[in-house]
Amino acid sequence: MASISLRHIYKKYPGGVTAVSDFNLEVKDKEFLVLVGPSGCGKTTTLRMIAGLEEITEGELFIGDTLVNDVAPKDRKIAMVFQNYALYPHMSVFENMAFGLKLNKTPKEEIKRRVEEAARILGITHLLDRKPKALSGGQKQRVALGRAIVRNPMVFLLDEPLSNLDAKLRASMRTELTKLHNRVGTTFVYVTHDQVEAMTMATRIVVMKDGLIQQVDTPQNLYDSPCNIFVAGFIGTPQMNFMNGKLVKKGENVYFEFENVSLKLPADKANAPELAEYIGKEVVAGLRPESISDSADIDEAAENSFEVDVDVTELMGAEIYLYLSIGESNLIARVSSRSKTRAGDKIKVSFEMPRLHIFDKDTERCIIH
């Protein structure tokens, strides 16, 4: 197995386009690392540089202790699973999975043993004689994974492998991939634009934007302590609510004011030294949808409660998303499916203020969580 080290990696294309800038990352041995970000952020380019399918413009790439900048893809001891599966249509499942081993002149008995073992792990033993056209999307995905497994690679590279599957199959394949990672005990580097995939499978997530790393952390830490507005908005469904307002000090207390509403900050946030220079200034406050309550028992005089208009409600089964408006601001609340709130209502909501994030309006970095 192997760790991966990317040191000051750049990818520049002719015409001055820089796809990846100063990328520094240590991928631990046996880690499930996910690169996530919007289309065009450089995540697939980074994966292809690790695979050797894209040339590195600047920087050094190590797999284990070996510098691999000039090592051919076939000699990097990696296996890549593509978005479109890339199966040979004229070959059976067995032949597809065995193809790489045949090229390496692996003995026939060893090929048979490895293919059958991979097929057993993936539950596709009964499909070994079929051609790809007779397979479903999920079965093709398993064959593509099997072709990678038989090579016993040090590193698995997966480029949006679930994006062609329907929602139900994607959910089950997420579980299968996590089980597979635990079973084979290999380093996985996985690219996706779907933050749900990232949150459910990763040991660590790299959030990218415009070729730059924004934050590297565990899924829970990214959710609870995003470093800036981009990460806060990208991770989480529905996304975090953002409100433009001002920090005001009244006596010993600090308030966040927006849309004629004054919300009192908890003492630990109000007294945070990082916040002192922002008193009297405009900031952006962020709050997750589940931290907004529409509970019918909100006291008229309760602190941090105020009236909003309910524009739309979406029943999601176990919960309801409320799309709310107050003045020029729009909010989303995630409440219990037992909520009686309906579109067109005017209701009182309250904020769970200990969970409020405050961001710098200009730099967009997080000041306090």
Side-chain angles (χ1 to χ4, degrees), residues 2-13 16-64 67-69 78 80 155-161 163 187-237 239-240 242 284 286 357 359-360 362-367 369:
S3 57
I4 306 169
S5 180
L6 298 100
R7 302 175 188 174
H8 303 291
I9 298 287
Y10 285 81
K11 178 61 187 179
K12 298 175 182 174
Y13 291 105
V17 177
T18 302
V20 177
S21 295
D22 200 19
F23 193 101
N24 288 285
L25 185 66
E26 298 292 327
V27 186
K28 298 167 194 161
D29 185 23
K30 299 182 183 176
E31 184 170 26
F32 198 132
L33 186 99
V34 177
L35 302 174
V36 71
S39 296
C41 72
K43 56 190 186 294
T44 295
T45 303
T46 303
L47 194 78
R48 289 174 65 84
M49 285 192 284
I50 297 171
L53 302 175
E54 289 278 359
E55 207 172 290
I56 295 169
T57 311
E58 286 176 43
E60 293 179 325
L61 174 64
F62 289 83
I63 296 180
L67 179 66
V68 296
N69 285 46
I78 54 101
M80 190 153 177
V155 178
F156 273 88
L157 305 176
L158 301 103
D159 186 11
E160 304 211 20
S163 58
T187 308
F188 275 47
V189 182
Y190 186 104
V191 159
T192 181
H193 63 271
D194 183 339
Q195 53 95 15
V196 174
E197 282 180 23
M199 291 291 284
T200 51
M201 293 193 290
T203 44
R204 277 194 309 157
I205 298 173
V206 180
V207 182
M208 294 182 68
K209 179 191 177 192
D210 300 332
L212 294 165
I213 293 177
Q214 301 294 304
Q215 188 171 353
V216 184
D217 217 325
T218 62
Q220 196 62 54
N221 284 348
L222 278 180
Y223 192 80
D224 293 337
S225 308
C227 70
N228 59 30
I229 287 177
F230 175 78
V231 175
F234 194 82
I235 299 293
T237 307
Q239 77 158 41
M240 184 181 281
F242 296 108
V284 177
H357 304 261
F359 300 92
D360 185 301
D362 298 321
T363 66
E364 298 194 349
R365 69 178 180 84
C366 190
I367 305 163
H369 296 296

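Everything numeric here is computed off the predicted structure, so don't read it as measured data.
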Which atoms form the tightest heavy-atom contact between [X] and [Y], and what is the distance?
X    : Y    : value
N221 : D217 : ND2-OD1, 3.1 Å
F242 : A232 : CZ-CB, 3.9 Å
C366 : F359 : CA-CD2, 3.6 Å
T187 : I4   : CG2-CD1, 4.4 Å
L61  : I56  : CB-CD1, 3.7 Å
A202 : P219 : O-CG, 3.5 Å

Under a 4.5 Å cut-off applied to non-hydrogen side-chain atoms, are [X] and [Y] in contact?
X    : Y    : answer
V216 : R204 : yes
V34  : T192 : yes
L47  : M80  : yes
M49  : L6   : no
F234 : P38  : yes
L35  : F23  : yes
Y223 : Q195 : no
F62  : S3   : no

So, the side chain of K11 versus the backbone of E55: is there a donor-acceptor pair under 3.5 Å, distance only?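 Judged by distance alone, yes, a pair lies under 3.5 Å.
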Check whether any side-chain N or O of D29 sits under 3.5 Å from a backbone N or O of A2 as a donor-acceptor pair, and report yes or no.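 Between the backbone of A2 and the side chain of D29 there is a qualifying donor-acceptor contact (under 3.5 Å).
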Please determine whether side chain to side chain contact (heavy atoms under 4.5 Å, CB included) holds for the pair T46 and I9, giving the CA-CA distance in whole Å, both sets of side-chain angles, and the decisive distance to 0.1 Å. CA-CA 9 Å; T46 303; I9 298 287; over 6 Å; no
Could you give the distance from [atom1] ([X]) to [atom2] ([Y]), rounded to the nearest 0.5 Å?
X    : Y    : atom1 : atom2 : value
D224 : I235 : CG    : CD1   : 12.0 Å
H193 : C41  : NE2   : SG    : 11.0 Å
Y190 : L157 : OH    : CG    : 13.0 Å
K12  : S21  : NZ    : OG    : 7.5 Å
D210 : F230 : CG    : CZ    : 7.5 Å
I50  : T45  : CD1   : OG1   : 11.0 Å

Which is it for E26 and S5 under the side chain to side chain donor-acceptor pair (under 3.5 Å) test, yes or no, and what are the steps along the way? CA-CA 5 Å; E26 298 292 327; S5 180; 2.7 Å; yes
In a check of side chain to side chain donor-acceptor pair (under 3.5 Å) between N228 and each of Q214, K209, Q215, which one passes?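 That would be Q214; it is the only one of Q214, K209, Q215 passing the side chain to side chain donor-acceptor pair (under 3.5 Å) with N228.
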Any donor-acceptor N or O pair under 3.5 Å, side chains E58, H8: no
Parallel, tilted or perpendicular: ring planes of F32 versus F188, cut at 30 and 60 degrees: tilted
Begin with the C-alpha distance, continue with both residues' side-chain angles, and end with the deciding distance and a verdict on side chain to side chain contact (heavy atoms under 4.5 Å, CB included) for E160 and E197. CA-CA 10 Å; E160 304 211 20; E197 282 180 23; over 6 Å; no
Apply side chain to side chain contact (heavy atoms under 4.5 Å, CB included) to residues Y10 and D22 and explain how you reach the verdict. CA-CA 6 Å; Y10 285 81; D22 200 19; 3.3 Å; yes
Checking side chain to side chain contact (heavy atoms under 4.5 Å, CB included) for the pair I213/N24: CA distance, chi angles, key distance, verdict? CA-CA 8 Å; I213 293 177; N24 288 285; 5.6 Å; no
